[in-house]
Each structure stands twice: as structure tokens, then as C-alpha cells.
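Here, residue 1 is the first one in the sequence, and each next residue gets the next number. All of these numbers come straight from a predicted model, not from anything done at the bench. Atoms within each ligand, like the ligands themselves, are counted from 1 in listed order.
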Amino acid sequence: MAEYIATIGLEIHAHIKTASKMFDGCAAAYAGAEPNTFVSVVSLGLPGSLPVVNQRAVELAARSGLALNCTVNERSVFSRKSYPYPDLPKGYQISQYDEPLCSDGWVEIRTAAGEVRRIGIERLHIEEDTGRLVHAADDSSLIDYNRSGVPLMEIVSRPDLRTPEEARLYFEKIRQLLVWIDVNSGNLEDGALRCDANVSVRPAGQERYGAKVEVKNINSFRFVERAVAYEIQRQIRVLDGGGVVEQETRGWDELRGETVGQRTKEFAHDYRYFPEPDIPPLVLSAAWIAERRAELPELPDARRARFEAVYGLSAQDADLLTSERPIADYYEAAVAAAQAVGGSAKDVANWVLNEGFRLLKERGESAAQLAERMPPAHVATLIELVARGSINRGVARQLFEESFNSGAEPGRLVAERGLTQISDSDALVAVAREVIAANPKVVAEYRGGKVTAIQFLVGQMMRATRGQANPQVARALLEAELGSL
Ligand code: MN
């Protein structure tokens with residue numbers, strides 16, 4: 001069996017987070033709205049209506065291009081793309097063709113094996129979304145024009161992806177960046193972000209790319225990985241069987257776990273692009289582009305590198321703490337608060353990654369809610385109470401959860417409940433004697449040489465003191481008592 005090389009490129013469609021549609025003032029609030037409640041003469045394509053470019057959409061698309069290391073072109077052109085389906089009532093889509101807003105960018109992804117790969121981005125252009133067709137059970141079709149005219153950017157990668165994993169990582173990276181710079185909601189379920197995957201396979205040693213198959217409208221990270229993996233294997237089977245891979249468009253059927261043919265080259269669209277006569281070329285000044293660049297926040301890769309360098313975090317911890325901007329902001333606010341009371345950046349990382357992430361996950365809440373649930377100052381207080389020996393880590397963990405749930409200040413909880421750690425030997429020696437008397441079997445094991453048996457006895461002391469005993473003092477007392485018996 002021959003060896004094959006897979007070549008993958010992604011086209012990602014992302015909504016641009018604006019209040020109004022791409023070419024008129026109609027609200028872009030399509031998600032969850034009653035059908036056809038957000039429409040206008042422009043988004044319905046009524047004769048005589050004229051498009052006006054949404055300035056905010058251009059600003060956000062340019063910001064996206066800069067975040068993706070693209071050149072923002074001082075001149076770009078809107079074109080008409082023939083589209084003979086009812087979900088765009090004009091019969092064409094306004095898009096950009098040979099002169100897109102942004103070109104020649106890249107992003108880096110890191111594979112599970114630790115390899116960093118730079119993926120080229122050919123272009124980022126602006127266009128309008130279509131409406132939504134709903135096919136009813138009785139064979140009729142319904143149409144909702146709320147989404148028609150919603151601003152979209154299309155981000156086209158170069159064919160630099162080699163594996164299904166890389167395709168998923170790239171899609172995830174684009175989402176992370178667009179959400180980070182606040183141009184897209186990142187919501188794949190409501191279609192705010194979706195992708196088409198171009199997949200081809202060729203025998204190793206062959207220069208020319210194999211026939212390209214486009215898998216359309218993938219709306220989840222898992223699906224893109226599965227669809228690409230399936231498509232690579234399908235094409236290899238065809239080639240191994242002596243067949244020819246047909247250039248075509250396919251769809252991903254998640255239930256069957258396979259791609260399904262939709263349209264062959266014979267029926268391919270003839271888009272008949274031509275410059276949109278109702279919109280003049282978009283001309284941006286170098287100064288305007290510089291303003292967009294100045295608006296960019298520190299991006300995730302730079303922030304991760306800084307977290308490693310400045311806070312001494314492992315690559316993995318820094319990666320998790322920069323997965324989303326609200327988490328990174330929260331972490332830095334908590335570090336500042338903790339350092340003011342003698343805590344370390346590493347302590348804060350442990351609390352956020354262990355307790356913070358666990359509680360968010362358990363409650364199905366978003367990263368943005370962490371600061372509200374557990375203000376950075378509360379994390380600093382817990383770290384300070386542990387460092388002073390007022391409470392032990394076990395109690396601190398309970399308090400983190402309680403504070404997270406109720407918003408109560410951890411220092412107040414300690415005072416109210418009398419949770420202060422017991423480090424006083426006189427108070428604990430009686431407890432140690434009780435525990436020894438109540439557990440003769442374990443004591444015998446310890447005496448017989450099983451040193452670790454003492455852990456169990458420490459645990460019993462913690463239990464007897466409702467977690468308030470200082471574990472180091474408890475252990476020392478047990479050792480002294482057992483030694484003297
Ligand atoms: Mn498109």
C-alpha cells in the first residue's frame with residue numbers, strides 16, 4: 001500500500017459582533033429571535049434599496065486581520081457573488097473577491113506532541129450572511145431572514161494543515177483569538193462560527209495536489225477533526241482501489257460518522273463575480289490602520305510567554321491561564337492582591353487552576369463569572385490565612401468553595417465559625433491519645449514497621465477536630481506518643 005500525504009485548508013466563517021447588519025441599520029440580533037422580526041428593505045433585497053457599509057464591521061474585521069498577522073490593505077473592493085437560492089433574496093451575496101480587506105497572515109498552533117506549527121492565512125474578507133431555510137416535515141420550506149445581511153468575515157487558511165488534529169487546533173486557535181479581541185461571540189451552536197474543510201490526498205513523492213474535496217458547514221471542533229479524518233481515509237481507500245477522487249462538495253453526517261456527497265464539479269457554482277456597483281472601493285488610510293493596531297490587546301501567545309517568564313509558570317499552566325482573556329485578567333488581578341500580602345504567583349495559579357476551574361466546570365459557568373463569584377481579594381485572603389498558619393489547606397479549600405458559592409469573605413467565615421487552626425500541643429495531645437486508644441490495629445501496624453500507617457491516624461485527628469488541627473503538629477504529637485508507649 002502506498003504512503004499518502006494529506007493536505008488540509010480551512011475556510012472559517014465568523015460573525016462580526018456588531019449591533020447592526022453589514023449593509024444597513026437593521027439590528028443583527030438574529031439568535032433566538034422570532035423569525036423575520038429583524039428585516040429591512042436592504043436585507044430583504046427589495047428593488048431600489050441601497051447598501052451602506054457598516055463602519056464598525058470594517059473596524060472589527062481589520063482588528064481581526066491584525067490579530068492574525070495579516071496585512072490590512074489600504075484598498076479593498078466589494079463584489080457581487082452570484083447566489084441563486086432563496087436564503088439570499090437579492091440572488092447574489094455581497095462579498096470581496098480579488099481585493100480582500102486583509103491578506104497574508106499566520107497563526108501558530110501547538111500539537112499534543114509539543115510541535116509548534118505556523119499556519120498561513122491567505123486572506124480575510126468581509127461579506128454578508130444568508131438567511132436560514134427550515135425544511136418542514138410536509139416537504140414545504142420556511143425561510144427566516146433575520147440572519148440575512150449579518151456581517152461575516154471569511155478567513156481562508158493556506159493548505160498548511162497536515163492532520164485532523166491540526167485542523168481542530170487551528171479552528172480552536174481562531175476562535176480563541178476572535179473571542180479574545182471581542183469581535184465574535186465564539187458561539188458555535190448558534191452558527192456564529194463555522195468552517196468548511198478542504199481535504200486532498202496524494203501519494204508521497206507526488207508534487208501535484210490531489211483532487212480537492214470540500215466538506216461544508218462544520219460547527220464543532222470535534223466534528224472538524226472527525227470529518228477530516230474520515231475524508232482522508234475515504235480518499236486513500238479510493239486511490240488504493242485504483243479509483244479517482246472526484247472534486248466535489250460533501251457534508252458531514254455526525255450520526256453516521258461519515259461525509260456524504262452533495263455536489264460534484266459538474267454542478268459547481270459559477271459565481272460570476274463582478275465589482276459591486278453600489279459600493280465604492282473601500283479606501284483606508286495608514287493612520288486609520290495604525291489606530292486599529294493600537295486597539296489590539298496583548299494577544300494570547302504573548303501573554304502565555306509573559307506568564308511563563310514573569311510568574312515562573314510551567315508552559316501547561318500558562319497555557320490554561322491564558323485560554324480565555326477573563327481568566328488571564330482574573331489571574332493577574334489575584335496575583336497583584338496576593339503579592340501585596342506576601343503570597344506568590346504560583347500559589348495563585350494553583351488555587352485558580354484547581355479550585356477555580358473545578359467549581360466553574362461543576363456549575364457549568366463561564367470564565368467571565370469567576371471574578372464575580374470569587375473576587376481576587378478573597379483568593380489573596382485565603383493564601384494569607386494559610387501562610388500565617390491560621391488555617392490549614394483543607395479548611396482553605398472548603399472556604400474557597402463556600403466563598404465561591406455565597407460570596408462571603410473568607411476571613412469573616414474563619415472568625416464566625418472559629419475555624420482557626422489548632423496548633424497548640426496542649427490542646428491536641430488529648431486528641432492524639434484518644435485516636436491511639438481507639439485504633440489499636442493501626443497502631444500495631446505502625447509498630448510493626450508500616451510507617452505510612454501514621455497517615456491514617458493524622459486523618460483521624462483532623463476528623464476529630466473538624467479539620468482544624470495543624471497536620472504537622474498532629475503528626476509530631478502522634479510520633480512522640482507512639483514512641484513513648
Ligand atoms: Mn463565504
Subject >> Worked check of ring-ring contact (aromatic ring centres under 6.0 Å, His included) between Y311 and Y331 >> reply: CA-CA 11 Å; Y311 301 128; Y331 172 69; 5.5 Å; yes
**OP:** Output, in order, the C-alpha distance, side-chain angles, deciding distance and verdict of side-chain hydrogen bond (donor to acceptor under 3.5 Å, both in side chains) for R363 and N405.
**Re:** CA-CA 10 Å; R363 284 160 184 69; N405 289 331; 2.8 Å; yes
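Under 2.8 Å from the Mn ion (ligand 1), one finds the following protein N/O/S atoms: H13 NE2, E127 OE2, E154 OE1.
The existence of a salt bridge linking R292 and E295 is confirmed by a sub-4.0 Å separation between a basic side-chain nitrogen and an acidic carboxylate oxygen.
The aromatic rings of Y83 and Y85 lie perpendicular to each other, with more than 60° between the two planes, well past the 30° mark.
Without hydrogens or angle criteria, K21 side chain to S148 main chain gives a donor-acceptor distance under 3.5 Å.
Proximity of the aromatic rings of Y92 and Y271 is defined here by a centroid distance below 6.0 angstrom, and this criterion is not met.
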